[in-house]
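This report concerns only the one structure given below.
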There are 2 protein chains.
Amino acid sequence: MLDPCRPDAFDRDFTLFYFAYRAFTGAADTALTEQGMGRAHHRILTFLAYSPGMSVGELCQALQLTKQAINGPLRKLGDEQLVRMTPGERDRRRKELHLTERGADLERKLHERQRALFAAALEEAGPEAAEGWRRILAPLAGRDWEAFTRSVEARRAEGKPQP
Amino acid sequence: MLDPCRPDAFDRDFTLFYFAYRAFTGAADTALTEQGMGRAHHRILTFLAYSPGMSVGELCQALQLTKQAINGPLRKLGDEQLVRMTPGERDRRRKELHLTERGADLERKLHERQRALFAAALEEAGPEAAEGWRRILAPLAGRDWEAFTRSVEARRAEGKPQP
DNA sequence: CGGTTTAGGTCAAGGTTGTTGACCCAAGTC
DNA sequence: GACTTGGGTCAACAACCTTGACCTAAACCG
């Protein structure tokens with residue numbers, strides 16, 4: 001099954017990956033540009049939608065950006081009432097970040113099309129398609145992804161008991 | 001099957017997408033940085049591996065970059081004997097771009113790990129995983145991808161008869 | 001308690017990477 | 001011969017991110 005010399009089929013997958021990612025982010029980016037925002041804002045919204053309650057530092061680590069780079073976009077999102085920042089209960093130095101109603105709405109709007117495309121692919125190709133996608137991407141994403149999801153679930157587990 | 005309000009499962013997929021893409025490009029980028037190259041060089045190699053014979057203009061369109069932005073990286077790749085540029089047969093204004101042996105070697109090295117991960121996922125999850133991956137990504141990639149693959153196949157069909 | 005570490009914010013300088021705009025040549029088209 | 005097109009080049013500029021230094025407030029610790 002494995003051609004050791006050159007499994008050329010993958011060349012196509014690599015360019016497909018590139019196109020898909022660019023379309024994925026590009027659509028949201030152009031929508032945001034009209035509101036004076038960009039890639040960074042998009043990413044923050046995406047991450048907070050999946051993982052509410054992150055701190056600034058965790059966000060920096062997840063996005064691999066410095067705090068200086070994050071500060072501008074994050075402040076703008078706060079000013080626009082899209083992200084709420086509350087001091088942590090146990091450690092008030094931490095800022096816990098959450099989407100506001102408006103922020104969640106915007107995130108939904110940004111990914112409306114992508115969700116629809118995902119859903120359509122599931123309808124057409126069945127849930128195995130989504131499973132296949134995850135089984136390919138997760139190994140590609142590697143340790144960073146594992147660490148990230150672990151931290152997300154830890155936060156979730158911790159938040160549930162005392163809401 | 002479709003929750004119209006918020007099919008929240010996809011939030012996770014979106015962050016996974018981000019991590020996977022970053023890991024995918026990041027690995028190659030760091031490898032290239034040591035040789036004074038970067039993202040753009042990586043993309044050019046990837047695209048030429050899948051689609052040999054592209055012209056400079058087609059490459060610009062595929063990568064959505066201006067000719068000024070492409071010129072530097074492309075020249076460097078030529079200087080390093082990684083890419084060969086030959087005037088087109090029918091239209092000598094066009095430059096037809098191909099990987100050299102060394103270029104193909106480098107591309108293989110850059111994607112070695114990704115190929116292995118793909119292959120491992122196929123071993124483990126079966127070919128449906130790769131099919132699922134493509135059935136999700138292709139709709140996401142949209143028209144640009146369709147147009148691109150069409151042009152690639154047209155070039156292939158044209159090149160075959162008279163090599 | 002007082003010293004040290006940690007989370008976060010801010011200012012400044014610098015680099016990389018891309019853009020637009022103008023101008024050029026050589027090769028094709030009419 | 002006039003015009004268009006593929007490609008190259010120079011220059012100015014903008015977006016974005018980096019490093020590095022310095023600051024506050026809160027937490028930790030002997």
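Lettering follows sequence order; numbering is per chain, from 1. All of these numbers come straight from a predicted model, not from anything done at the bench.
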**Report entry** Test item: A:Thr15 side-chain N/O and B:Phe47 main-chain N/O as donor-acceptor pair under 3.5 Å
**Finding:** no
Requested in this report: Ignoring the backbone of B:Lys95, work out which of D:dG8, C:dT19, D:dC17 is nearest its side chain.
Outcome: D:dG8
**Report entry** 5'-most by nearest nucleotide on DNA chain C - B:Met37 or B:Gly88
**Finding:** B:Met37
Query raised in the report: Can you find a heavy atom in the side chain of A:Glu124 that is under 4.5 Å from one in the side chain of B:Arg135?
Result: yes
Query raised in the report: With a 4.0 Å cut-off on heavy atoms, is A:Gln64 in touch with a base, just the backbone sugar-phosphate, or nothing at all?
Result: sugar-phosphate
Query raised in the report: A:Arg39 CZ to D:dC16 P: how many Å, rounded?
Result: 8 Å
Query raised in the report: Rounded to whole angstrom units, what separation is found between the CZ atom of A:Arg90 and the C1' atom of C:dA7?
Result: 15 Å
Query raised in the report: Who passes side-chain hydrogen bond (donor to acceptor under 3.5 Å, both in side chains) against B:Arg150, sequence neighbours left out?
Result: none
Report task. Indicate, yes or no, whether a donor-acceptor pair under 3.5 Å links the base of D:dG20 to the side chain of A:Gln68. Result -> yes
Query raised in the report: For A:Lys95, does its backbone N or O pair with a side-chain atom of A:Ser55 as donor and acceptor, under 3.5 Å?
Result: no
Report task. Look at A:Arg92 and D:dA27 and indicate whether a side-chain polar atom (N or O) is within less than 4.0 Å of OP1 or OP2. Result -> yes
Requested in this report: Calculate the interatomic distance between A:Ile70 atom CD1 and D:dC17 atom P; express it in whole Å.
Outcome: 9 Å
Considering only nitrogen or oxygen atoms on both sides, find all protein atoms under 3.5 Å from nucleotides 23-26 of chain C and state each distance.
none

Query raised in the report: Heavy-atom distance under 4.5 Å between the side chains of A:His98 and A:Thr100, does that happen here?
Result: no
**Report entry** Between P of C:dA27 and CD of B:Glu89, the distance in whole Å
**Finding:** 15 Å
Query - Side-chain donor/acceptor of B:His111 to backbone N/O of B:Arg108, under 3.5 Å - result: no
Report task. Could you check A:Arg115, A:Gln114, A:Arg134 and say which one makes a side chain to side chain donor-acceptor pair (under 3.5 Å) with B:Asp13? Result -> A:Arg134
Query - Spacing of A:Arg75 atom CZ relative to C:dA7 atom C1', expressed in whole Å - result: 17 Å
Query raised in the report: So A:Glu80 and A:Arg75, salt bridge (charged side-chain N to carboxylate O under 4.0 Å, His left out) or not? Walk me through it.
Result: CA-CA 9 Å; A:Glu80 307 268 356; A:Arg75 187 137 57 96; over 6 Å; no
Report task. Please figure out whether A:Arg43 or B:Leu74 has its closest DNA chain D nucleotide nearer the 5' end. Result -> B:Leu74
Report summary line: Atom CG of A:Asp29 and atom C1' of D:dC16 are separated, to the nearest Å, by 13 Å
Query raised in the report: Starting at CG of A:Asn71 and ending at P of C:dG8, how long is that distance when rounded to a whole Å?
Result: 11 Å
Report task. Figure out the NZ/C1' separation between A:Lys76 and D:dC16, and round it to whole Å. Result -> 16 Å
Query raised in the report: Where along residues 52-62 of chain A does a heavy atom come under 4.0 Å from DNA chain C, residue by residue in number order?
Result: A:Ser55, A:Val56, A:Gly57
**Report entry** Option passing ring-ring contact (aromatic ring centres under 6.0 Å, His included) with B:Tyr21 (candidates A:Trp145, A:Phe17, A:Phe24)
**Finding:** A:Phe17
